[in-house]
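Here's the structure we're looking at; comments come further down.
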Amino acid sequence: MDDVNSHEDTAQLGRTEFATSPVHTARVASDPSAGRGWAVGITLGALGPLVLLAVLTAPADAGADQLGRSGLITVLVFAAAVAGWMSNRLDDTFVALSAAAVLVVLGALDAEELFESLGADQIWLLVAAFVLAAGINRTGLPSRLAIALVGRARSARGLAHLITAGLVITALLVPSTSGRAALVLPIFLALADAFAHRPRLIRALAVLFPTVLLLSAIATLVGAGAHLITSQVLDSTVGAGIGFGQWLLWGLPFAVVISHLAAELVLLLFTGRAERRARLRVDAAALREQLDVPPRMRRAEIRAIGLLGTVVLLWSTEALHGLSPALIALAGALLIASPRFGTVRIGAAISEIPWSLLLFMAATTALGAALTESGAAGWVAANALVGDSAGAMLIAVVALSVGTHLLVQSRSARSAVLIPMIVPAAFAVGMNPVALAFASTAAAGFCHTLPSSAKPVAMFARLGHTYAPRDLLKLSALLGPATGALVVLFALFVWPALGLPLT
């Protein structure tokens, strides 16, 4: 996923595609956060003695408005972890595991709680989902879907919205935004070749692909690791996470609206009126040949469609049959990797799983538990987040979630930072913590301001003749406020009608 800096497998695939493209030249985007290295190092160095001082001087117990020893240790270690996540020089998974280990050594977290987080249902769900995705991708089904959609385009606007619809659907196929970026990259390159005589359209498409990939991830529970972290934190704090069917019900409508709104903004900013109205024709046969997709659907693709549809249906109807999403995903993974029915060997599929992401999720889950159980999350929320009303709290949380990507590039890290503090803040003003946490997670899908803000953005930024950092700034000036406003509108009017009341 784009959520963790250490997930290099899909990023490496993207770099390979860049190098082999005949119409693009590799261009390494500048790292605007590189200059923060000394500041982060000083912060981490200063926090070490502070943690030691907290151990020696803090009282074991404290009142409701104060932190005890465990709470103070947790706050300081967590602050050090956030500083580490702000630096691109440190691996996110290394930072999370180090912070969790320090908390165990200092007695603020039980070792069993850290290790048990590796066996959580959400971890198994993601493992099985990656195996299932590997089998589906082997069939060429995503490329066939893309060709079927873009072949219907008759204008630049039609092409943009058809691509947007296809990218939203891929949230059901691949549980990773960077994996989806690598998956659709050959499709973008084929379109870039086909429209080489229309450079403004190519630039618009280059911006559109990563923009929609990131915003549409909110459609499903497995769309990003941050979603699973949000569900885990809610499960450990309020006793109920968000199931796949619930997430799909709330997330898919928002994903569709924000993705197509983003498509319109991209068209408005990067194409002229004449460009949008000009006739356009995509040669579907040439695209099929370039992407090595046969004219007729193969049996493996038909089986993959049937299996994926069954898995999604069972995920969405968990309340009726009682089977856990992780068990359903595991059954689907075993079928897609079975000797006769399957399309991928189990060993090959397992090798594509981003294990660093799973370790990161386990470590941040343990960190979230320490924040909650020590009282640190409640203390921070009481001193930093609590507002006077539910409306003020919603706006503050959404604005914070939209802007935090400028400091912490990992979406999963942002959820690990924000959600444990949002839950007690919601209780303090009489809000539904599930609704506020979901709104925060939806708003955190905006991470488009800089090339380093998310892996899909960085992957497409490295292509020659696509877009420059100033193009991202121009888009973010409109898309950022639009995303925040849309989240607030959905939280106030749409999600309550779908069973997610704000209070």
Side-chain angles (χ1 to χ4, degrees), residues 1-3 5 7-33 88 142-143 146 150 156 159-160 162-164 166-168 170-171 174 176-196 198-217 223-224 258-259 262-263 265-267 269-271 291 405 409-411 445-476 479-480:
M1 293 188 180
D2 73 308
D3 309 311
N5 291 343
H7 180 198
E8 294 294 339
D9 50 346
T10 52
Q12 181 61 44
L13 175 58
R15 286 192 291 269
T16 302
E17 294 286 356
F18 305 157
T20 57
S21 170
V23 296
H24 297 92
T25 304
R27 175 170 55 87
V28 178
S30 61
D31 181 7
S33 63
N88 283 347
S143 295
V150 302
L159 178 64
L162 285 168
I163 289 173
T164 297
L167 292 175
V168 172
T170 61
V174 182
S176 160
T177 50
S178 55
R180 289 162 64 203
L183 179 69
V184 302
L185 185 60
I187 298 169
F188 166 74
L189 295 177
L191 291 174
D193 283 342
F195 299 116
R198 299 175 69 170
R200 296 189 67 179
L201 178 59
I202 294 176
R203 183 175 63 159
L205 294 179
V207 174
L208 178 70
F209 271 83
T211 297
V212 175
L213 283 171
L214 292 167
L215 294 175
S216 62
I258 189 62
S259 296
L265 288 177
V266 169
L267 288 169
L269 293 174
F270 300 105
T271 62
L291 297 173
H405 74 279
Q409 277 87 24
S410 166
R411 181 186 289 188
F446 172 76
C447 39
H448 302 69
T449 306
L450 301 170
S452 61
S453 294
K455 277 194 175 65
V457 179
M459 289 170 67
F460 278 81
R462 291 189 179 102
L463 296 175
H465 310 297
T466 54
Y467 57 82
R470 65 178 179 273
D471 295 322
L472 295 177
L473 293 175
K474 183 166 62 173
L475 174 64
S476 296
L479 185 58

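We're numbering straight along the sequence, starting at 1.
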Show the nearest heavy-atom pair for residues [X] and [Y], with the distance to one decimal.
{"X": "Ile202", "Y": "Ala192", "value": "CD1-O, 3.5 Å"}
{"X": "Pro469", "Y": "Pro451", "value": "CG-CG, 4.1 Å"}
{"X": "Met459", "Y": "Ala182", "value": "CE-N, 3.8 Å"}
{"X": "Leu450", "Y": "Val457", "value": "O-CG1, 3.7 Å"}
{"X": "Leu215", "Y": "Gly445", "value": "CD2-O, 3.9 Å"}
{"X": "Leu269", "Y": "Leu475", "value": "CD1-CA, 3.7 Å"}

How many angstroms lie between [atom1] in [X] and [atom2] in [Y], if you round to the nearest 0.5 Å?
{"X": "Leu265", "Y": "Leu208", "atom1": "CG", "atom2": "CG", "result": "11.0 Å"}
{"X": "Leu183", "Y": "Ser143", "atom1": "CG", "atom2": "OG", "result": "6.5 Å"}
{"X": "Arg203", "Y": "Phe270", "atom1": "CZ", "atom2": "CZ", "result": "6.0 Å"}
{"X": "Cys447", "Y": "Leu472", "atom1": "SG", "atom2": "CG", "result": "11.0 Å"}

Do [X] and [Y] come within less than 4.5 Å of each other through their side chains, counting heavy atoms only?
{"X": "Val212", "Y": "Ile258", "value": "no"}
{"X": "Pro186", "Y": "Leu291", "value": "yes"}
{"X": "Lys455", "Y": "Pro210", "value": "no"}
{"X": "His405", "Y": "Phe446", "value": "yes"}
{"X": "Ile163", "Y": "Leu205", "value": "yes"}

Keeping the roles fixed (side chain from [X], backbone from [Y]), state whether a donor-acceptor pair exists under 3.5 Å.
{"X": "Ser476", "Y": "Leu473", "answer": "no"}
{"X": "Arg411", "Y": "Leu214", "answer": "yes"}
{"X": "His448", "Y": "Thr211", "answer": "yes"}
{"X": "Asp193", "Y": "Ala190", "answer": "no"}

Please list, chain by chain and in numerical order, all residues satisfying side-chain contact (heavy atoms from CB on, under 4.5 Å) with Thr271, sequence neighbours excluded.
-> Ala204, Leu267, Glu275, Arg276
Among all residues two or more places apart in sequence or in another chain, which pass the side-chain contact (heavy atoms from CB on, under 4.5 Å) test with Ala146?
-> Ile187
Which word best sums up how the rings of Phe460 and Phe188 line up, parallel for under 30°, tilted for 30 to 60°, or perpendicular for over 60°?
-> perpendicular
